[in-house]
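We count ligands from 1, going down the list as the structure has it; atoms in each ligand are counted the same way. As a basis for the values below, the full set of heavy atoms in this structure was taken, side chains included, without hydrogen atoms, waters or symmetry mates.
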Amino acid sequence: MKLQHLLPILSLIPSSFSIPSSNTHARTLNPRQSLPPSNQSTTPLTIQLKPQSSRTRDLICLDGLWSFALGDSNDTSTSTPWTTNLPKGLECPVPASYNDIFVDRSIHDHVGWVYYQRTVTVPRGFQGQRYFLRFESATHEGKVYVNEDFVKGHVGGYTPFEADITHLVSPGESFRLTVGVNNVLTHETIPPGNVTVNEYTGRKVQEYQHDFYNYAGLARSVWLYSVPGEQFVKDVTVIPDVQGEDGIVRYTVETSSGTTGSIRISIRDEERIEVATASGRNGTITIPSAHLWQPGAAYLYDFVVSIVSPDNNLVDTYTLPIGIRTIRVTDRQVLINEEPFYFTGFGKHEDSTIRGKGHDTAYLVHDFQLLNWVGANSFRTSHYPYAEEVLEYADRQGIVIIDETPAVGLAFSLGGGVAQEGSATFSPEGINNNTQKAHADAIRELIARDKNHPSVVMWSIANEPASNEDGARGYFAPLAQLARELDPAGRPVSFANVGQATYETDKISDLFDVLLLNRYFGWYSFIGDLEAASAALEGELRGWERKYTKPIIISEYGADTYPGLHSVLGLPWTEEFQVEFLDAYHAVFDRVESVVGEHVWAFADFQTNLEIYRVDGNKKGVFTRDRKPKAAAHKLRERWSTGVEKN
Ligand code: GCB
């Protein structure tokens, strides 16, 4: 059992302090080892393009109220609720996390499978087409059943998966669709966790290291969609570049195996005027005098792929919005379109009352309005891939994204954001080879889904792993390499470093392109003493700057702030303290040349696990959970709206 000590070690630990840990199981994985094949035996990792309706495709949204029931067993071979109609009574909205919907603690705290069910009719018009069910996410594991049959499983709670049901249900027929969703986290899932059984009640309890509530269910949309029967576009990859005034688009199109038609490409500008064409499965296209996609000034072209039969009939067509921009990292800068870019913004969460992590377009638009109001130009999808609609919207709004995998909580010496007694993180009983495989799958699925988004300028493959511990290098070296190999556009690869892993103790930062540092001097250490905090922060940043020639983004800094709490003394938890805390950090950032960005933790207050140091969640938001500004929001607006000037 882990004993939690509320020790201030999220930021630099004084050198006299040592973390208790039994390192007996630590071992080093060979950094050169190639990664084992995917864990996903039932799921092809090629994620097909986000479904859309077009002249050749139909799209039906299956969102709404579904029947809902808790599973009574974790063994899907003995308990088979999908074979009949679920008991009448509970209905759950999709998309939404189920936890906060019902007034029922047994649902809120449930550990294991839950079941969603509804009737679906395949339209008669799908005759001769191929058709798929698409789940934008099932957190953290999904199993899909059509009537009595299991058709597809998927592990990983924040990326999409599909089931081809063409041969299971005929056009014009209805079927019972049941989806099992399991919220269990183990040492071999991403994110990791551990289920214990309470000795008095016999109830299962889900433990985990990360500091946000383990919301689960179908939190994103579910679709039924069709593509032409034999020949259809499966995937498109575009790599934008700029040469002088011209935009360059290298592309690859993947089609279904039966495709015999020819591939035609048409690129249209925002006025829908065709500006370039090409043919063939891959090639390079020039857009003369191209409009660039710029932060704060998005410009998107439509990349239209068509399959055309020999007699010139349209067989399939898919439209992908693309942006022309470059991204390059130098010794001390991140360049977007060859201009130095200074990141202002936040670490965020997909989180709101009642719906939990359920995707909500009203919150999406309002959050981006607030980003714009406060002068933020970017955010990190902490700590998991967000709904793809969020990235599409960022593409259109010119907001820059650091795109993160769900690999959070890979440090047993931290729990829910604070220090605790922990055993060695990287060990056969802990974060092990199977965790690494799941992590590799999470990277594969993130990049497969998001590789074409111009808003995405960087991958973050983990948040706050124990990068100071034995085994970290062996674990991370192949994953950093994998991310590089998978992104044809060569975006920078990074991870968010925890304060415990200082520039002196961190073992992996040389493997990455940009240093993302999460620091909490003045909060988890030196609480309330901003003079000491500033000195410690500056010492730490200068240490990183001396050791590495890499740009630094402070990917987290912040203080819990209870809205409406005030003090003329600027004491911790007050709105005044949050303002002074941010001011103190900014003064340091402005003096350190390699600092090229500041992401405050966090955009808004968010729900966490029940912890004695979290009152209805984490309160480091600059906005409350219902998006009201705290005093710090106004302060940030002053700084960011006029552009950050380095000394
Ligand atoms: C961190 C984590 C973030 C927590 C935050 C905190 O370092 O990355 O997930 O919520 O600290 O507030 O403790």
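- Which parts of ligand 1 touch F606 is read off a 4.0 Å heavy-atom cut-off, strictly below it: atoms 10 (O).
- Here F603 and F623 bring their ring centres to under 6.0 angstrom of each other.
- At a 4.0 Å heavy-atom cut-off, ligand 1 does not touch F212 at all.
- Ionic pairing of K620 and D211 is not present here: no N-O contact between side-chain nitrogen and carboxylate oxygen is shorter than 4.0 angstrom.
- Here the closest heavy-atom approach between residue P492 and residue V329 is recorded as CG-CG2, 3.6 Å.
- Interface atoms of ligand 1 facing R614, defined by a heavy-atom separation under 4.0 Å, are 6 (C), 12 (O), 13 (O).
- Checked against salt bridge (charged side-chain N to carboxylate O under 4.0 Å, His left out), D529 has no partners two or more places apart in sequence or in another chain.
- Contacts with ligand 1 closer than 4.0 Å are made by no heavy atom of H210, backbone or side chain.
- Atoms of ligand 1 found under 4.0 Å from any heavy atom of N463, numbered from 1 in the order shown, are 2 (C), 8 (O).
- Short contacts between ligand 1 and H383, defined as distances under 4.0 Å to a heavy atom of the residue, involve ligand atoms 3 (C), 8 (O), 9 (O).
- Within the structure, ligand 1 lacks R380 among the residues with a heavy atom less than 4.0 angstrom away.
- Under the ring pair (Phe, Tyr, Trp, His ring centres under 6.0 Å) criterion, H349 pairs with F212, H383, Y384, W601, F606, sequence neighbours left out.
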Applying salt bridge (Lys or Arg N to Asp or Glu O under 4.0 Å), run through R220 and E389 and close with a yes or a no. CA-CA 10 Å; R220 298 179 189 161; E389 287 83 353; over 6 Å; no

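- Salt bridge annotation for E188-K437: absent, with no cationic side-chain nitrogen under 4.0 angstrom from a carboxylate oxygen.
- Listed by number with element, the atoms of ligand 1 under 4.0 angstrom from any heavy atom of N518 are 8 (O).
- Counting heavy atoms under 4.0 Å from ligand 1, residue N618 touches it through the side chain alone.
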